[in-house]
Amino acid sequence: MDVWSSLLDGFATALTPMNFLYAVIGVLLGTAVGVLPGLGPAMTVALLLPVTYALEPTSAFIMFAGIYYGGMYGGSTTSILLNTPGESSSVVTAIEGNKMAKAGRAAQALATAAIGSFVAGTIGTALLAVFAPVVVDFAVSLGAPSYFAIMVLALLAVTAVLGSSRLRGFASLGLGLAIGLVGIDSVTGQRRLTFGQPLLADGLDIVVVAVAIFAVGEALWVAAHLRRTPLHVIPVGRPWMGRKDWRRSWKPWLRGTAFGFPFGALPAGGAEIPTFLSYVTEKRLSKHPEEFGKGAIEGVAGPEAANNAAAAGTLTPMLALGLPTNATAAVMLAAFTTYGIQPGPQLFSSQGPLVWALIASLFIGNLLLLLINLPLAPLWAKLLQLPRPYLYAGILFFATLGAYSVNLQAFDLAILLVLGALGFMMRRFGLPVLPLILGVILGPRIEGQLRKTLQLSAGDPAGLFSEPIAVVIYVIVALILVWPLLFKLVRRNRPAVAAPAQADGTKADGVRAVEGEHGPHEVHVHHSDNKELP
């Protein structure tokens, strides 16, 4: 009851006319800056942080909540329309969302992203208010072996199901892990893969890598084919989601929320792992798996819901432990310290009214985001009708601006060009880009958790299996790796079962017995076009 009464007090504070106005301004500003290619939520919040300095703390954080959610939706907009994710957690949205946009379904992709964000954000914020102490206790109880196992599962699950070839998937993952190794070894202090360049000592920023692989690689690929392919205007299509779109989206919204919040609340979590796992799950459960890679709406709805639920979950360790788990939470932590407020276990007791007003403003910002951006989805979709040379010139400009603004180093522009060329070559040879991005993000984290585990066990590999959750996850990993081989063996050794013949001599399973020069044999008949496949 204390939670609900505190939350109602928070709504009373957040819904005063001036505070509500600040929430509206925050959502509009966050969305306007967030839709610029290459600028993700963390960059948006950092750029707009000075705007809140003139306000008193409660009003500033209410406006901040609007900027936070507005920036997140803006990031998904550029991922869908321009294949330019502004942050690592928007990478998965770009895979199916951009394919939907190119197929004339940009408005539907933006709508399912907006509604999924609203559903997941609302549920996630409610869970933040009610279950924050429980989730924090569970997160703190997990040790390094469990974190390591979870990350290994994320790597293998995504790499194994993407693309037409597992070999290409693991080659892409290897490239990503190699890029993630660049920098100073956190234990020995030795430089790795820096090639004598001091500016590489801090490693490569994930925003620069993602923008280079996606935006620059895509722009180079389009430029290489611009003269050989006829110029066509991408249709905007119907402006609203149809009944079938709703039917295919609501379950991914709920599953994405279930993935996102717990992972966001983990101290070593974040939105990357749940968005990847949500995508894999939707591909496995979908009744239309053939659409994945070509624009499946489930591949937008699930990961986008997971992303926003994780965003609410991320605030749990940030507020309760003072532990930011991603760049956006780190900027928010900086905002708290600017006002002399220290997030941690004592925050809810020492700054209760401010915290509950912030949580209430997350509900309000989420609703405002839906009301403002859902009608604008067809308008955003019309960006795709710009001529491609102008559109991709703009993408390259903002991608360059976004990459440069990360560290304000011209050296990042050279990295952007080199990795952009790598993105182009990956498209040329059919390597999926998602395992590379996942390797860059999780590689350093996996290394850190592995070293911590081995240090705790004095170098004994048995330490990797010292927690029950880790053992369960390794069993799942083994099934993922072994199942395709077992499936092939079972199919190969399964005895042929006689099927009843149809009028044309074809059995019910599409097999027809024919007489050949070496005696009778069977051919498979595809009834849709009556072709015989030996």
Side-chain angles (χ1 to χ4, degrees), residues 92 95 142-178 180 252 255-256 258-259 262-263 266 268-269 272-293 296 298-299 302-303 306 430-443 445-447 449-451 453-454 457 460-497 509:
V92 183
I95 298 171
L142 288 182
S146 295
Y147 284 131
F148 176 73
I150 289 170
M151 291 177 188
V152 169
L153 173 63
L155 281 180
L156 292 180
V158 173
T159 304
V161 302
L162 283 180
S164 57
S165 164
R166 283 194 171 201
L167 182 60
R168 286 194 178 102
F170 281 107
S172 176
L173 177 63
L175 286 171
L177 291 173
R255 282 192 290 261
F259 272 118
F263 274 96
L266 294 174
E272 294 86 0
I273 295 176
T275 53
F276 292 127
L277 293 180
S278 172
Y279 181 82
V280 172
T281 302
E282 296 310 324
K283 187 173 182 180
R284 290 288 190 197
L285 297 179
S286 176
K287 296 178 181 177
H288 310 276
E290 74 283 352
E291 291 186 20
F292 277 77
E298 297 93 335
L431 269 65
V433 296
L434 187 56
L436 181 144
I437 299 293
L438 187 60
V440 176
I441 296 167
L442 294 186
R445 298 189 192 182
I446 286 177
E447 182 189 14
Q449 297 298 340
L450 175 61
R451 286 187 163 185
T453 301
L454 294 177
S457 64
D460 185 357
L464 295 170
F465 306 94
S466 60
E467 295 185 2
I469 292 178
V471 174
V472 171
I473 292 172
Y474 285 129
V475 171
I476 297 172
V477 167
L479 288 175
I480 290 174
L481 292 175
V482 175
W483 172 250
L485 298 174
L486 291 177
F487 187 67
K488 285 182 180 178
L489 287 173
V490 169
R491 287 190 63 181
R492 186 178 300 168
N493 296 327
R494 185 188 300 165
V497 179
D509 60 355

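Index from 1, following the sequence. All heavy atoms count here, side chains included; hydrogens, waters and symmetry mates do not. Everything numeric in this text was worked out from a predicted model, so none of it was measured.
- Applying the salt bridge (charged side-chain N to carboxylate O under 4.0 Å, His left out) test to E291 and every residue at least two apart in sequence or in another chain returns R248.
- In this view, F465 and V471, Y474 satisfy the side-chain contact (heavy atoms from CB on, under 4.5 Å) rule, not counting sequence neighbours.
- Between A306 and P274, the closest heavy-atom pair is CB-O, 3.9 Å.
- Separation of atoms CG (L177) and CD (E447) is listed at 10.0 Å; rounding is to 0.5 Å.
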(message) With side-chain contact (heavy atoms from CB on, under 4.5 Å) as the criterion, how do E298 and L285 come out once you've worked through the C-alpha distance, each side chain's angles and the decisive distance to 0.1 Å?
(response) CA-CA 10 Å; E298 297 93 335; L285 297 179; over 6 Å; no
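- G302 and E282 get closest at one heavy-atom pair: CA-CG, 4.4 Å.
- At distances below 3.5 Å, not a single donor-acceptor pair connects side-chain atoms of S172 with backbone N or O atoms of R168.
- I446 is linked by a side-chain contact (heavy atoms from CB on, under 4.5 Å) to F148, M151, L155, L442, counting only residues two or more places apart in sequence or in another chain.
- Considering only heavy atoms from C-beta on, S278 stays 4.5 Å or farther from R255 through its side chain.
- In this structure, the side-chain contact (heavy atoms from CB on, under 4.5 Å) partners of L175, at least two apart in sequence or on a different chain, are L422, L431, L436.
- Closest heavy-atom contact between A470 and A149: CA-CB, 4.0 Å.
- Contacts classified as side-chain hydrogen bond (donor to acceptor under 3.5 Å, both in side chains) and involving residues 462-471 (residues at least two apart or in different chains) are given here: S146-E467.
- S457 meets the side-chain contact (heavy atoms from CB on, under 4.5 Å) test with L454, D460; sequence neighbours excluded.
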